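Shown next, in structure tokens, is the structure this report addresses.
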Amino acid sequence: MIHRSEAPEAGGTVSAEDDETRGDSAPSARPYDSQDAVEDVSGIASRGPSGEASTDILEESLRQTTEMLRLAMAAANLGTWERDIRTGEMRCSPTYLANLGLPPDTKLTFDRLIAMRHPDDVERVNRTVEEAIAKRHDYDVAYRVIRPDGSVARLVAKGSPVFENGVATRMVGVTMDVTARESAQEVLQTTQRQQELLLGVNDQFREIEDPFAIMDAATVALGTYLSADRIGYGEVDKEAGELSGREWHRGTGATTGVSFPLEAFGSAVVGELSAGRKVMIDNPSKDRRVSGRTHAFYVTIMESSVILVPIIKAERLDALLYVIEAHAIDTPRKAILAEDLAERTWNAVERAQAEINLRESEARLRVIAETLPALVWIISPELKLVYANLRWTSFSGLKESEALGFSWMEIMHPDDVARVVGQMPDWKRDEAPFSIELRYRDRTGLYRWHIIRAEPIHDARGTFRGWSGTSVDIHDLKQTEEALRQNATQLRIALQAAHMGVWSWDTATDVLTFSDRAAAIFGLPSDSPMAWADLQGYINPRDVARAVETMEESFRSGGQYNVEYRVRRPDNTPDAWVAVQGQVTYDPDGTVSGMTGVVQDISERKAAEERQQLLIRELHHRVKNTLATVQAIVGSTARTASSIEEFYQGFVGRIVSLARTHNLLTEDLWQKASLAQLVETELGPYDDDNRNRIVIEGPEIELPSEAAVPIGMAIHELTTNAAKHGALSTFGGQVDVRWRRDDVSQPPKLHFSWTEHGGPKVAAPTRQGFGSRLLQRVLSTQLQADVNMDFDQEGLRFTMVMPVPGDPPLFNPDR
């Protein structure tokens, strides 16, 4: 007698004896192999009682049933098998063998099947089968097998033991390949977990302001998720070539600061990273990119597998995330997740750093605004004051709560309010800068003159947001100018008192008579009367009309005759300036009889006035030029800077350069500066101890202030560019500055050249900044210079040919 458990869901075998014991209704326990099914059914048909269905009908039914079963199992990708427990031999369908990755003619044994099972699943499957045999029931188990090609397949097996005389002799069952389904579920679960990780990290990043804390959060989250040994994230210092950041260790569960040369990863690896490609190293000892001293670095990180994920911004390697594991990296999904998190971390760190820089820049700008000797303010397009420094409240006497809004109109002189408001629509329409002089009322009630300079403000999208400006108190300057005018009047009176002659004109006889002093002033012989028409011959032709018109107007109005003109001297000496004053005279009957008056030689006074006016004009010129230069630096630096920090650095550097040039000028009373000193002042700090990085060669040339300021700033821009991007930015770079004077050409020409070599390869800039505009426009416009910039790969070459500047102005006190 044979005993067995319940029939398997699909497949299985029983003996003929078992069929007889269980009756015709018992299901067949043979495997659902089509040939076996045919043999079993044929046997039953041959034993059937007479009168039952014929053998042909049964065989046809069997064929149909078998074919339907085959199609159903094929559609479900089911494979059947049978194992002889005693011998270990197995009978397997082609589908089952295909699930195992074996050819259809393979003679499979149970031992070989055990060897193919995944080591982590063998014990569990054995326990399941043993339990099924012990309890005489079916089993259902999932496990993995390692196919001959090395791939891993996931199978679900359902089977039943078959007993003979109470002893399990066979196992029968079916198997389905669920690799694709399990892989899809695993990918879905992994994707969900990764999304949860990334969303959680994003939430953390939003709450963190410290860049290093963001790095810590990223490395801890990724390290915990991947169960990696070490996770690091750092930013690349382009100047030092170092990676500095934070690193998480699984052993301690803590993060620490790290810093090491980027070249430690190897030049080949750094090259791939710089090109924006992630790098995966499974075994540093066998990777051709790792050799020599570089290999020693990888030994320090436990001969581990490494994932390196670069962050490229503006075609430069800005940051790096690395994953280190003590075993081989088993899936590229880790690298993909690392790439995603690296980008998110960079964005968060960049955002946090930008906010820190913004706060610091705002603090610095606020300090500048509060320390400037001027009223600093910002007004909106609606002319509403939105910011004012403390000097504004101190000057106006307004409370801080009252200082904003339209308070600036309240303290402005009424006459000036109408003038400013009338011009504002044009400034607003053009979004233009403006400059104007007006009066503000201070806290004591006194109106003081200010010069206003304002620049338009635009946001990142280019939208006009108002003006930022300064109000500089020039009241004392105004008073000085008035005092200068009064002094000029006093000087004129004093000169008149010291050099004065008397003259008279009788209109009836048309005779002019002169005192000796008056005759000497006109350059005439003493006691030599003449007609008015004759005297006009001594007056400079350009002044005759004015002298005649003034005389005629005095006679018409009866007013005072007061005119100044030049008279020509008979000895061909330079014309003398004379001031002629007179008063109409009348006869007793009221008839005009003539005119009497005085004349004075005012040549010295005129010369003094000319010198004085020249000084005033030069003072105005200096102040306006300096303010315009500062304003241009502010505007141009703001337009070309990509951040407030860059604006601050560029602005301060250019102001310092301008100050150095002015220091050289003031040493010579603002008249001239040495070209060699300008060059040495800028390049001197970059020379080395051997003094072979900088070459300066050229004759002594003195530059007046009009040329020294733009040339000094141009040299500063060239020096700054060389220090940041050119020959002075790397070890071994050199700068040659040479000039010569060409006196053959007329006017004489200055040939100036700046040549860089030994630095990084040069490429033409993609946009024109302040320095380029200064070099190519200002020098050309102000100095009529022929400027050329050659961005040769070996180094920048700048050349300038310009007329040699002339001597300083005549009012130089040293002359």
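Residues: numbered from 1 along the sequence shown. Quick caveat: nothing in here was measured; it's all calculated off a predicted structure.
Taking the ring-ring contact (aromatic ring centres under 6.0 Å, His included) definition, one finds that Phe212 meets it with nothing, sequence neighbours left out.
Considering every non-hydrogen atom in both Ala352 and Pro211, the closest pair reads CB-CG, 4.1 Å. Ser380 and Val386 make their closest contact through CB-CG1, 4.3 Å (heavy atoms, listed as atom of the first residue, atom of the second, distance). The minimum heavy-atom distance between Ala319 and Tyr233, with the atom names listed, is CB-OH, 3.4 Å. Taking both residues in full, the closest heavy atoms of Arg738 and Glu697 are given as NH1-OE1, 2.8 Å, listed atom of the first, atom of the second, then distance. Scanning all heavy atoms of the two residues, the minimum distance from Asp177 to Leu155 falls at CA-CD2, 3.7 Å. The two atoms that bring Ile208 and Ala213 nearest to each other are CG2-CB, 3.4 Å, heavy atoms only.
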- Start with the C-alpha distance between Leu718 and Glu682, add both sets of side-chain angles, then the distance that settles side-chain contact (heavy atoms from CB on, under 4.5 Å), and finish with yes or no. CA-CA 9 Å; Leu718 289 168; Glu682 290 293 337; over 6 Å; no
- Task: Just do the side-chain contact (heavy atoms from CB on, under 4.5 Å) check on Val201 and Arg344 with the steps written out, would you?
- Result: CA-CA 9 Å; Val201 168; Arg344 293 170 188 258; 5.7 Å; no
- Derivation of the side-chain hydrogen bond (donor to acceptor under 3.5 Å, both in side chains) call for Glu794 and His757: CA-CA 6 Å; Glu794 297 303 319; His757 49 85; over 6 Å; no
- Message: Between Asp792 and Arg797, is the salt bridge (charged side-chain N to carboxylate O under 4.0 Å, His left out) condition met? List the steps.
- Response: CA-CA 7 Å; Asp792 186 82; Arg797 177 174 174 79; over 6 Å; no
- Take Leu320 and Leu262 through the test side-chain contact (heavy atoms from CB on, under 4.5 Å) and record every step on the way to the result. CA-CA 10 Å; Leu320 182 67; Leu262 192 62; 4.2 Å; yes
- Message: Between Asp790 and Leu796, does the side-chain contact (heavy atoms from CB on, under 4.5 Å) criterion hold? Intermediate values first, please.
- Response: CA-CA 6 Å; Asp790 183 9; Leu796 172 67; 6.0 Å; no
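Of the possible polar contacts, one joining the Thr345 side chain to the Leu341 backbone as a donor-acceptor pair under 3.5 Å is found. Side chain of Trp467 to main chain of Trp377: no donor-acceptor pair is present (N/O by atom type, distance under 3.5 Å, no hydrogens or angles). Put simply, the side chain of Thr219 gets close to the backbone of Met215: a donor and an acceptor are under 3.5 Å apart. Proximity of a side-chain donor or acceptor of Asp736 to a complementary backbone N or O of Thr755 within less than 3.5 Å is not detected. Checking side-chain atoms of Asp121 against main-chain N and O of Val145 turns up no donor-acceptor pair under 3.5 Å. Of the possible polar contacts, one joining the Arg124 side chain to the Ala142 backbone as a donor-acceptor pair under 3.5 Å is found. A side-chain donor-acceptor contact under 3.5 Å links Arg351 to the backbone of Phe205. Judged by distance alone, with hydrogens and angles left aside, the side-chain atoms of Ser729 form no donor-acceptor pair with the main-chain N or O of Ala723 at under 3.5 Å.
Separating the CG atom in Leu243 from the CD atom in Glu263 is a distance of 12.0 Å, to the nearest 0.5 Å. For the atom pair OG1 of Thr179 and CZ of Arg154, the computed distance is 7.5 Å after rounding to the nearest 0.5 Å. In this structure, CD on Glu350 lies 11.0 Å from CD1 on Ile311, to the nearest 0.5 angstrom. A distance of 11.5 Å separates CG in Leu308 from NZ in Lys278, rounded to the nearest 0.5 Å. Note that CE of Met800 is 6.0 Å distant from CG of Leu779, once rounded to the nearest 0.5 Å. Here Leu199 contributes atom CG and Gln204 contributes atom CD; the two are 12.0 Å apart, rounded to the nearest 0.5 Å.
Between Val762 and Gln793 there is no side-chain heavy-atom pair separated by less than 4.5 Å. A 4.5 Å side-chain heavy-atom check between Phe798 and Val787 finds at least one atom pair inside the cut-off. Counting heavy atoms from C-beta outward, Pro310 and Glu272 have side chains that stay 4.5 Å or more apart. Counting heavy atoms from C-beta outward, Ser468 and Glu455 have side chains that stay 4.5 Å or more apart. At least one side-chain heavy atom of Glu680 sits less than 4.5 Å from a side-chain heavy atom of Ile696.
The residues Lys313 and Glu343 are annotated as salt-bridged, a charged nitrogen and a carboxylate oxygen being separated by less than 4.0 angstrom.
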Report, one line per pair, each donor and acceptor closer than 3.5 Å where one atom sits in a side chain of residues 244-254; sequence neighbours left out.
unit_1	atom_1	unit_2	atom_2	d
Ser244	OG	Ser259	OG	3.2
Arg246	NE	Asp216	OD1	2.7
Arg246	NH2	Asp216	OD2	3.4
Glu247	OE1	Arg230	NH2	3.4
Glu247	OE1	Tyr322	OH	2.4
Glu247	OE2	Arg230	NE	3.1
Glu247	OE2	Arg230	NH2	3.0
Glu247	OE2	His249	NE2	2.9
Arg250	NH1	Ser227	O	2.8
Arg250	NH2	Asp229	OD1	2.8
Thr252	OG1	Ala254	N	3.2

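Below 30°, between 30° and 60°, or above 60°: for Trp739 and Phe752 the angle between ring planes is below 30°, a parallel geometry.
Residue Glu355 places its CD atom among more than 12 non-hydrogen atoms of other residues, nucleotides or ligands, all under 6.0 Å distant.
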